Amino acid sequence: MTVRVRIAPSPTGDPHVGTAYIGLFNYAFAKKHGGKFILRIEDTDQTRSTKESEQMIYHSLKWVGLEWDEGPDKGGPHGPYRQSERLHHYKDAAHTLIERGEAYRCFCTAERLDELRTKQRAAGGRLGYDRHCRGLDNTQARASEPHVIRLKLPTEGKIVVQDKLRGAIEFDAAEIDDQVLLKTDGFPTYHLANVVDDHMMQITHVIRAEEWITSTPKHVQLYKSFGWQAPEFIHMPLLRNADKSKISKRKNPVSLNYYERAGFLPEAMLNYLALMGWTLPDQREKFPIKDMIEHFSFDRISLGGPVFDLAKLTWLNGLYLRELDDDRYLGVLRGHVLSDAYLKRVIPLVKERIDKLEDFASYAGFFFSGKVEHKVEELVAKGKTPAETKKTFELLGEEFDTIVRWEAKLLDERLRAFCEKNALKPKELFMPVRVAVTGRSATPGLFETMEVLGKEVCRTRLRDAIAVLAVVKPG
RNA sequence: GGCCCCUUAGUCUAGCGGUCAGGACACGGCCCUUUCACGGCUGUGACACGGGUUCGAAUCCCGUAGGGGUCACCA
């Protein structure tokens with residue numbers, strides 16, 4: 001049996017560091033055993049999936065060097081590899097299940113389900129679908145009405161998940177919801193799509209994040225209902241913020257775009273990610289990924305959720321950077337931080353503001369630097385307190401997270417709307433933001449500057465500014 | 001809250017019954033150096049707690065505590 005593993009990101013937003021992390025472990029395992037590493041795009045959420053995001057996933061995965069053997073752009077013997085192009089498979093599968101009595105149509109409205117949950121919450125009991133439609137015998141007749149298809153789970157007994165890292169994990173079948181398989185819009189949920197695809201694509205090992213453990217019994221039941229053999233499950237620990245919560249953009253740069261832009265080398269990135277929960281038998285911390293492949297084994301994975309430590313990644317990156325010869329160094333420098341493409345975007349903003357070329361670097365320095373210095377007194381608008389400013393920045397950070405197209409015109413609109421929503425005058429917001437994202441009070445136009453800096457840099461500097469304000473003593 | 005997972009220093013980890021509990025990041029000191037970095041040396045610092053099992057537990061078992069995840073027609 002040849003090893004076949006997959007990484008299955010959903011194209012909703014920026015390419016995530018967690019995708020690279022899980023991708024790496026899949027990749028290392030596949031390469032170790034001469035198997036195949038497959039990329040599958042899980043775009044079954046019609047409202048959130050975007051083509052831009054899908055493109056960024058390809059770009060970032062290639063950047064870190066995780067080349068896939070089969071995928072939407074590459075093809076392969078088990079395509080298509082984009083779930084939105086496989087809808088008929090899921091539909092067929094769901095109907096097969098209905099015919100076998102393993103699934104049923106459910107006509108409950110979103111309102112009824114909301115109501116149900118509200119009641120359950122009030123009663124303090126368990127949340128979950130009450131199987132209202134499970135016993136319906138006229139489901140066939142009503143097939144033309146809007147409905148979802150739900151999986152029938154056993155009402156008693158245990159469902160056992162075999163996790164390669166943790167052994168047997170037992171769940172009471174009665175505790176598990178009759179999961180929706182096919183949504184009203186005819187699209188499958190993750191649960192159905194991933195099982196159908198993993199089976200059809202002959203995936204042998206599912207290496208995914210720990211957050212999936214609790215839905216795995218549903219998948220186990222699905223394989224059983226179909227009469228298919230389930231793959232092996234390997235649930236990796238979750239990357240964490242410093243406070244141990246699941247890594248998130250509120251507390252860390254999580255976009256791979258950021259790391260590429262900031263001038264981290266892909267080999268350092270991968271090396272660092274490999275260190276998160278895994279060790280080489282000889283304990284070396286700096287190693288090329290081919291060494292990981294050579295020595296890879298699941299029993300060297302530790303299960304405590306590792307805190308993603310930017311400081312240590314930075315140290316490791318320095319090691320890699322220092323061993324580059326000057327020509328290669330020039331190459332990576334010109335490839336990212338000082339690329340022609342980036343300089344060409346900075347020039348129009350700086351040109352009219354300086355008179356001698358020698359002033360370029362000092363005027364435009366913040367376009368090229370990582371961290372910028374924040375002075376509290378510059379960060380806080382007249383008449384505002386540091387605490388108020390901190391609060392405003394936190395809200396603004398969340399606003400940033402929802403902005404998909406990071407362009408000056410849109411930023412202008414969004415920030416003005418933000419002022420209105422939060423009862424702020426533009427000048428009470430714009431100067432503090434300027435200082436937060438550039439570290440300076442004299443800069444080119446704020447929105448143009450923000451566009452060129454990019455979302456991730458702005459987000460990171462805003463986060464840093466928040467941290468500076470957080471240590472100010474009130475009064 | 002129910003269910004599930006996890007638990008060695010601030011952080012990443014080694015350890016798989018007998019070790020002075022080892023390494024790395026960060027932090028402090030010293031050396032190198034015109035400065036700053038790099039580099040070298042060095043220091044502070046950990047087995048969550050309580051019961052067992054055992055001649056002997058960081059290592060095995062059971063509790064407790066803590067942390068995390070999950071409870072969607074999102075993945």
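Computed from a prediction, not measured in an experiment: that's the story for all the values here.
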Spacing of [X] atom [atom1] relative to [N] atom [atom2], expressed in whole Å:
X: Lys218(A); N: A75(B); atom1: NZ; atom2: P; result: 12 Å
X: Leu153(A); N: C71(B); atom1: CG; atom2: C1'; result: 14 Å
X: Asp130(A); N: A72(B); atom1: CG; atom2: P; result: 13 Å
X: Leu324(A); N: C38(B); atom1: CG; atom2: C1'; result: 15 Å
X: Lys183(A); N: A72(B); atom1: NZ; atom2: P; result: 15 Å
X: Asp45(A); N: A75(B); atom1: CG; atom2: P; result: 5 Å
X: Leu238(A); N: A75(B); atom1: CG; atom2: C1'; result: 13 Å
X: Leu303(A); N: G15(B); atom1: CG; atom2: P; result: 13 Å

Please give the distance between the [atom1] atoms of [N] and [M] as a whole number of Å.
N: U8(B); M: G23(B); atom1: C1'; answer: 13 Å
N: C49(B); M: G10(B); atom1: P; answer: 13 Å
N: C6(B); M: G45(B); atom1: C1'; answer: 23 Å
N: C3(B); M: G43(B); atom1: P; answer: 49 Å
N: C16(B); M: U11(B); atom1: P; answer: 23 Å
N: U59(B); M: A21(B); atom1: C1'; answer: 11 Å
N: A9(B); M: A48(B); atom1: C1'; answer: 13 Å
N: A58(B); M: G22(B); atom1: C1'; answer: 13 Å

Residue pair Met292(A), Leu24(A): steps toward the side chain to side chain contact (heavy atoms under 4.5 Å, CB included) verdict
CA-CA 10 Å; Met292(A) 180 185 189; Leu24(A) 170 64; 3.9 Å; yes

Side-chain N or O of Arg117(A) less than 4.0 angstrom from OP1 or OP2 on A72(B)?
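Yes.
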
OP1 or OP2 of A75(B) under 4.0 Å from side-chain N/O of Thr189(A)
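Thr189(A) to A75(B) OP1/OP2: no side-chain N or O under 4.0 Å.
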
Looking at [X], I'd like to know if its [atom1] atom is crowded, meaning that more than 12 non-hydrogen atoms belonging to other residues, nucleotides or ligands lie closer than 6.0 Å.
X: Lys455(A); atom1: NZ; answer: yes
X: Glu67(A); atom1: CD; answer: yes
X: His95(A); atom1: NE2; answer: yes
X: Arg328(A); atom1: CZ; answer: no
X: Tyr329(A); atom1: OH; answer: no

Closest approach to the side chain of [X], judged atom by atom: which nucleotide of [options] is it?
X: Ile213(A); options: G39(B), C3(B), C5(B); value: C5(B)
X: Asp309(A); options: C4(B), U11(B), A24(B); value: U11(B)
X: Ile169(A); options: C4(B), G39(B), U70(B); value: C4(B)
X: Trp315(A); options: C73(B), G68(B), C25(B); value: C25(B)
X: Lys312(A); options: C5(B), C12(B), C73(B); value: C12(B)
X: Lys244(A); options: C12(B), C5(B), A75(B); value: C12(B)
X: Pro306(A); options: U13(B), C4(B), C38(B); value: U13(B)
X: Val307(A); options: C73(B), C12(B), A75(B); value: C12(B)

For [X], report the nucleic acid contact type (base, sugar-phosphate, nothing); a contact means any heavy atom under 4.0 Å.
X: Val148(A); result: base
X: Gly128(A); result: nothing
X: Arg166(A); result: sugar-phosphate
X: Pro146(A); result: nothing
X: Thr314(A); result: nothing
X: Ser10(A); result: sugar-phosphate
X: Tyr272(A); result: nothing

My understanding is that a pair needs two contacts under 3.5 Å, Watson-Crick or G-U wobble. By that rule, which nucleotide pairs with [N]?
N: U53(B); value: none
N: A58(B); value: none
N: G1(B); value: C71(B)
N: G28(B); value: U42(B)
N: U7(B); value: A65(B)

Suppose we call a contact any N or O donor and acceptor under 3.5 Å apart; does that hold for the side chain of Thr214(A) and the base of C4(B)?
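No, no donor-acceptor pair under 3.5 Å.
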
Any N or O donor-acceptor pair linking the side chain of Arg48(A) to the base of C74(B) at under 3.5 Å?
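Under the 3.5 Å cut-off, the side chain and the base do form a donor-acceptor pair.
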
Taking Ala8(A)'s backbone N and O only, do any of them form a donor-acceptor pair with Arg40(A)'s side chain (distance below 3.5 Å, no angle check)?
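Not at all, since once roles are kept as given, no pair shorter than 3.5 Å links the two residues.
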
Counting N and O atoms only, with roles assigned by atom type, does the side chain of Asp172(A) sit under 3.5 Å from a partner on the main chain of Lys158(A), one being a donor and the other an acceptor?
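No.
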
Check each residue of residues 245-257 of chain A for a non-hydrogen atom within less than 4.0 Å of any atom in RNA chain B, then write out the ones that pass by number, or none.
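The stretch gives Ser245(A), Lys246(A) as the residues lying under 4.0 Å from the strand, ordered by number.
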
Strictly below 4.0 Å, heavy-atom distances to any atom of RNA chain B: list the hits from residues 275-302 of chain A, or just say none.
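Going residue by residue through residues 275-302 of chain A, the ones with a heavy atom under 4.0 Å of RNA chain B turn out to be Leu275(A), Met276(A), Gly277(A), Thr279(A), Gln283(A), Glu285(A), Arg300(A), Ser302(A).
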
Scan Arg414(A), Arg459(A), Arg250(A) and name whichever one has a salt bridge (Lys or Arg N to Asp or Glu O under 4.0 Å) with Asp401(A).
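Considering Arg414(A), Arg459(A), Arg250(A), a salt bridge (Lys or Arg N to Asp or Glu O under 4.0 Å) with Asp401(A) is found only for Arg459(A).
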
Which one of Glu232(A), His205(A), Lys31(A) satisfies the side chain to side chain contact (heavy atoms under 4.5 Å, CB included) criterion with Val3(A)?
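When Glu232(A), His205(A), Lys31(A) are each tested with Val3(A), the side chain to side chain contact (heavy atoms under 4.5 Å, CB included) holds only for His205(A).
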
Residue pair [X] / [Y], side-chain heavy-atom distance below 4.5 Å:
X: His16(A); Y: Tyr21(A); result: no
X: Trp212(A); Y: Tyr190(A); result: yes
X: Glu54(A); Y: Lys51(A); result: yes

Tell me which of Gln83(A) and Ala311(A) sits closer to the 5' end of RNA chain B, going by the nucleotide each one is nearest to.
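Checking each residue's closest nucleotide, the 5'-ward one belongs to Ala311(A).
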
Applying ring-ring contact (aromatic ring centres under 6.0 Å, His included) to Trp406(A) and Phe400(A), what does each step give before you reach the verdict?
CA-CA 9 Å; Trp406(A) 194 260; Phe400(A) 279 9; 5.0 Å; yes

